[in-house]
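It should be emphasised that the depicted structure is a prediction, and the values quoted were computed from it without experimental measurement. Quick note: numbers below take in every heavy atom, side chains included, and nothing from hydrogens, waters or symmetry partners.
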Amino acid sequence: MDSSIFAFFFIAFLSTTRAFDQCPPLKPNSDLSIIHIYGKCSPFDSPNPTSSWTTTVLNMASKDPQRLTYLSSLVATNPKSSVPIGPGQVINTGNYVTRVKIGTPGQLMFMVLDTSADTAWVPCSACTGCSSTMFSQNTSTTYGSLDCTTSECVQARGLSCPTTGSAIGNCLFNQSYGGDSSFSATLSRDSLQLANDIIPSYVFGCISTISGNSIPPQGLLGLGRGSMSLLSQSGSLYFGVFSYCLPSFRSYYFSGSLRLGPNGQPKTIKYTPLLKNPHRPSLYYVNLTGISVGRVNVPIPPELLAFNPSTGGGTIIDSGTVITRFVPEAYDKIKEAFRNQTQGPFSSLGAFDTCFSVTHEDVAPRMTLHFSGLDIVLPMENTLIHSSAGTLACLAMASAPNNVNSVLNVIANLQQQNLRILFDVPNSRVGIAREICN
């Protein structure tokens with residue numbers, strides 16, 4: 001199998017960069033290319049470029065539960081608590097990046113996209129522990145730091161505002177990330193350029209110190225729907241609408257697209273309602289009503305899928321989790337239905353507990369996700385993943401961690417590949433349609 005398949009999986013970020021291979025040209029409209037962190041068009045090197053793809057998958061799968069643990073902790077937050085400026089406090093993955101320019105004149109950065117985070121942050125000049133590529137805030141004519149009296153600073157949680165006498169200090173904050181990493185930053189604002197669009201005075205964290213190895217080397221751009229997110233800060237430019245299309249992991253460049261605003265979005269697309277959890281309004285909840293394996297409607301107790309704003313239970317669409325995860329009781333039912341229609345014997349391979357000989361792949365059933373008003377039949381490439389030797393096919397889904405209060409189901413990026421996912425926040429709906437993304 002081509003070595004480029006390795007790039008679909010992410011283990012950890014490194015600070016090293018490499019020269020670019022030839023990449024697809026940018027589209028003439030306002031679409032941005034979405035590039036996998038280890039794709040051919042990315043400046044970042046894989047930490048283990050000589051590893052087999054199976055090893056890469058297993059290592060990546062070992063990181064997924066940390067993100068699920070984090071997402072589960074978010075939904076249990078006391079609704080009376082203040083919302084932190086950096087919702088991605090212990091997220092451990094960042095699979096896709098896009099080209100962004102910050103400042104005047106614009107400085108190119110490859111920032112991680114995260115639908116379950118709101119804030120943006122980038123490493124800035126003189127940063128201790130950062131990668132060699134940093135935003136030079138001192139050379140930007142439009143850069144400015146925010147002080148403690150700003151509403152953005154008041155909204156944030158965990159900030160310290162040093163003052164000397166009557167002087168007003170900068171808005172400073174610390175944030176943990178990846179479980180073993182953290183950073184300190186100054187809340188700032190500057191021009192943000194996305195393709196042909198420029199958003200003046202965009203608020204972000206300007207990182208001054210990093211500890212650990214899990215911080216995305218050139219920053220993160222939050223695509224959630226909180227007050228600090230791209231959608232909120234762009235206002236009438238994008239009208240709260242965006243879509244993305246993640247490429248197949250079999251594709252050569254691993255390059256998809258991010259489309260901002262209502263213009264150019266697909267006209268013939270089916271929608272399902274977008275739900276809002278008051279405990280965590282940034283997350284994109286949808287109403288998953290059931291799952292079919294082949295012609296069998298899996299008998300999952302409704303309460304395991306139902307949206308419950310009190311507990312945070314339900315299903316979200318997330319760009320940072322690699323393989324779809326269901327709460328344990330629901331996953332056990334799905335696994336049983338899949339095995340009953342597939343020829344064994346079955347074995348495990350890391351996070352994948354339903355692997356079988358590829359000679360039996362032709363009888364493997366298709367899976368359908370049933371949402372309110374929308375059914376998505378997953379192609380087999382969104383359902384199965386193969387071992388590096390090509391002898392095994394595995395169900396590319398897993399159980400959520402059982403060591404936390406698991407109430408959250410997560411539709412992850414492997415199951416989203418070659419689908420256009422359209423988020424229409426003002427109309428509280430999500431559209432999904434088949435599309436060849438690469």
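When all heavy atoms of Arg366 and Pro379 are compared, the closest pair comes out as NH1-CA, 3.4 Å. Nearest heavy-atom pair, Ala400 versus Pro328, reported as atom, atom and distance to 0.1 Å: O-CG, 3.9 Å. Across every non-hydrogen atom of Leu260 and Leu194, the tightest pair is CD1-CD1, 3.7 Å. Heavy-atom minimum distance, Leu220 versus Thr119: CD2-O, 3.5 Å. The two atoms that bring Asp114 and Asp318 nearest to each other are OD1-OD1, 4.1 Å, heavy atoms only. Minimum heavy-atom separation, Ala120 to Leu221: CB-CD1, 4.0 Å.
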(request) Assess whether side-chain hydrogen bond (donor to acceptor under 3.5 Å, both in side chains) is satisfied between Ser131 and Thr133, documenting all intermediate values. (result) CA-CA 5 Å; Ser131 68; Thr133 301; 5.0 Å; no
(request) Show your reasoning for whether side-chain hydrogen bond (donor to acceptor under 3.5 Å, both in side chains) applies to Asn413 and Ser319. (result) CA-CA 6 Å; Asn413 58 48; Ser319 66; over 6 Å; no
(request) For side chain to side chain contact (heavy atoms under 4.5 Å, CB included), just list the numbers for Val425 and Leu231, CA-CA rounded to whole Å, side-chain angles, deciding distance to a tenth of an Å, and then say yes or no. (result) CA-CA 9 Å; Val425 174; Leu231 291 188; 3.6 Å; yes
(message) I'd like to know whether Glu381 forms a side-chain hydrogen bond (donor to acceptor under 3.5 Å, both in side chains) with Asn418, so could you lay out the CA-CA distance, the side-chain angles of the two residues, the decisive distance to 0.1 Å, and finally the verdict.
(response) CA-CA 10 Å; Glu381 70 167 346; Asn418 281 332; 3.0 Å; yes
(message) Checking Leu378 against Met397 for the side chain to side chain contact (heavy atoms under 4.5 Å, CB included) test, could you report, in this order, the C-alpha distance in whole Å, the side-chain angles of both residues, the deciding distance, and whether it holds?
(response) CA-CA 12 Å; Leu378 295 178; Met397 298 178 183; 3.7 Å; yes
(request) Apply side chain to side chain contact (heavy atoms under 4.5 Å, CB included) to Lys276 and Arg225, showing your working. (result) CA-CA 10 Å; Lys276 194 168 188 176; Arg225 46 178 170 164; 4.0 Å; yes
(message) I'd like to know whether Leu414 forms a side chain to side chain contact (heavy atoms under 4.5 Å, CB included) with Ile385, so could you lay out the CA-CA distance, the side-chain angles of the two residues, the decisive distance to 0.1 Å, and finally the verdict.
(response) CA-CA 10 Å; Leu414 193 149; Ile385 199 163; 3.9 Å; yes
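Proximity of a side-chain donor or acceptor of Thr98 to a complementary backbone N or O of Ser33 within less than 3.5 Å is detected. Remark: the backbone N or O of Met228 is not paired with any side-chain donor or acceptor of Ser232 at under 3.5 angstrom. Panel note: side chain Arg325, backbone Ser399; a donor-acceptor pair is recorded below 3.5 Å. Formation of a donor-acceptor pair under 3.5 Å by the Gln193 side chain with backbone atoms of Ile199 is not found in this model. Distance alone, capped at 3.5 Å, is enough to place a donor-acceptor pair between the Ser229 side chain and the Gly226 backbone. At distances below 3.5 Å, not a single donor-acceptor pair connects side-chain atoms of Ser191 with backbone N or O atoms of Pro200. At distances below 3.5 Å, at least one donor-acceptor pair connects side-chain atoms of Ser357 with backbone N or O atoms of Thr359. The backbone N or O of Arg429 lies less than 3.5 Å from no partner atom in the side chain of Asn427, so there is not a single donor-acceptor pair. Side chain of Asn287 to backbone of Gly314: no donor-acceptor contact under 3.5 angstrom is found. Thr342 places a side-chain N or O within 3.5 Å of a backbone atom of Phe338 that can act as its donor or acceptor partner.
Leu258 has its side chain within reach of Phe242: a pair of non-hydrogen atoms, C-beta onward, lies under 4.5 Å apart. With contacts defined as side-chain heavy-atom distances shorter than 4.5 Å, the pair Val430/Leu422 does not qualify. At least one side-chain heavy atom of Ile102 sits under 4.5 Å from a side-chain heavy atom of Met111. Using a 4.5 Å heavy-atom cutoff, the side chains of Gln218 and Val97 are not in contact. The closest side-chain heavy-atom distance from Asp190 to Phe135 is below 4.5 Å. Considering only heavy atoms from C-beta on, Val241 comes within 4.5 Å of Gln265 through its side chain. With contacts defined as side-chain heavy-atom distances shorter than 4.5 Å, the pair Phe356/Gln343 does not qualify. At a threshold of 4.5 Å between non-hydrogen side-chain atoms, the residues Leu187 and Val203 count as touching.
With hydrogens and angles left out, the side-chain atoms of Ser188 and Thr186 include no donor and acceptor closer than 3.5 Å. In this model, no donor atom of one side chain and acceptor atom of the other lie less than 3.5 Å apart for Asn382 and Gln416. Ser348 and Asp353 share no side-chain donor-acceptor pair at under 3.5 Å. Checked by atom type, the side-chain pair Ser292/His370 shows a donor-acceptor distance below 3.5 Å. A side-chain donor from one of Arg420 and Ser243 sits under 3.5 Å from a side-chain acceptor of the other. The closest side-chain donor-acceptor pair between Asp375 and Thr368, if any, does not fall under 3.5 angstrom.
The environment of Glu329 atom CD is sparse: at most 12 non-hydrogen atoms of other residues, nucleotides or ligands sit within 6.0 angstrom.
Remark: of the listed residues Phe173, Tyr202, Phe183, Phe183 is the sole one forming a ring pair (Phe, Tyr, Trp, His ring centres under 6.0 Å) with Trp121. For the side-chain contact (heavy atoms from CB on, under 4.5 Å) criterion with Val286, the lone passing option out of Leu374, Ile432, Leu369, Ile317 is Ile317.
Cys pair Cys148/Cys153: SG-SG separation is not below 2.5 Å. Under the 2.5 Å cut-off for SG-SG separation, Cys127 and Cys124 do not qualify: their sulfur atoms lie farther apart than that.
Distance check: Ser211 OG to Asn174 CG gives 11.0 Å after rounding to the nearest 0.5 Å. With rounding to the nearest 0.5 angstrom, the SG atom of Cys245 is 9.0 Å from the CZ atom of Arg434. Rounding to the nearest 0.5 angstrom, the gap separating the CG atom in Asp197 from the OH atom in Tyr238 is 3.5 Å. Expressed to the nearest 0.5 Å, how far SG of Cys437 lies from CG of Leu419 amounts to 7.0 Å. To the nearest 0.5 Å, atom CD1 of residue Ile411 and atom CD1 of residue Ile323 are 12.0 Å apart. Note that the CG atom of Asn277 and the CG atom of Asn308 stand 9.0 Å from one another [nearest 0.5 Å].
Every residue two or more places apart in sequence or in another chain was checked for a side-chain hydrogen bond (donor to acceptor under 3.5 Å, both in side chains) with Ser347, and none qualifies. Here Glu336 pairs with nothing under the salt bridge (charged side-chain N to carboxylate O under 4.0 Å, His left out) rule; sequence neighbours left out.
Residues Tyr244 and Tyr96 keep their aromatic ring centres 6.0 Å or farther apart.
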